[in-house]
Amino acid sequence: MEDADRYRCRHIYLKQSDDPALQAQAACAALTNLDGILLAAPHSEYSVHIIYSLDQLSFEIVIELLGELNFEMDNSFLTSLRNTIYCYLEDTARDNMQVEHPEDHPPDGDNAEIPHEDKDQYWEDYR
């Protein structure tokens, strides 16, 4: 996986509120000092633009953290669907990142051949 594949750029949409403490500027201030966050900037009054490292964070973790800090997310159908897709894609990417680490691969000491069954044997089991 290339280095650029380890970073994600996302928008987080907050629920509209009159309280300035619950708007994008305050959310950015809360995210700025987190390990793994490269950029947290307000995109609009109610949305935040973030860039983060998948090695340390995921979209789901960022959303949960903002929820714990009393920021309410926009829960419209399309935004919820988009967030679910982001979480799925990132879980898959993080799983694939784990496979690429050398400590996960067995040593090449034994090159034992894997026994292969006859192709027709599979069908005979179901006849």
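All figures in this text were calculated on a predicted structure; none of them were measured in a lab.
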Within residues 53-62 or reaching into it, pairs that qualify as salt bridge (Lys or Arg N to Asp or Glu O under 4.0 Å) - sequence neighbours excluded | R6-D55

Contacts of type ring pair (Phe, Tyr, Trp, His ring centres under 6.0 Å), residue F59, not counting sequence neighbours = Y86

Ring pair (Phe, Tyr, Trp, His ring centres under 6.0 Å): pairs with one or both residues in residues 10-30, sequence neighbours excluded | H11-H43, H11-H49

Side-chain donor-acceptor pairs of residues 62-75 under 3.5 Å, sequence neighbours excluded:
{"unit_1": "D74", "atom_1": "OD1", "unit_2": "S76", "atom_2": "N", "d": "3.2"}
{"unit_1": "D74", "atom_1": "OD2", "unit_2": "T79", "atom_2": "OG1", "d": "3.4"}

May I ask whether I12 and I61 are part of the same hydrophobic cluster, defined by side-chain heavy atoms of I, L, V, M, F, W, Y residues being less than 4.5 angstrom apart, directly or through others?
-> yes

Check residues 21-37 and write down every donor-acceptor pair under 3.5 Å in which the side-chain atom is one partner and the other belongs to a residue at least two apart or another chain.
{"unit_1": "Q23", "atom_1": "NE2", "unit_2": "S17", "atom_2": "O", "d": "2.8"}
{"unit_1": "T32", "atom_1": "OG1", "unit_2": "C28", "atom_2": "O", "d": "2.5"}

Would you find a donor on one side and an acceptor on the other, under 3.5 Å apart, between the side chain of R94 and the backbone of L57?
-> yes

Residues at least two apart in sequence or cross-chain that pass side-chain hydrogen bond (donor to acceptor under 3.5 Å, both in side chains) with R82, listed by chain then number, are none

Identify, with sequence neighbours excluded, every residue that meets side-chain hydrogen bond (donor to acceptor under 3.5 Å, both in side chains) alongside S44.
-> S47

D18 meets the side chain to side chain contact (heavy atoms under 4.5 Å, CB included) criterion, sequence neighbours left out, with none

Residues that, via side-chain heavy atoms closer than 4.5 angstrom, fall in one hydrophobic cluster with L39 = Y7, L38, I51

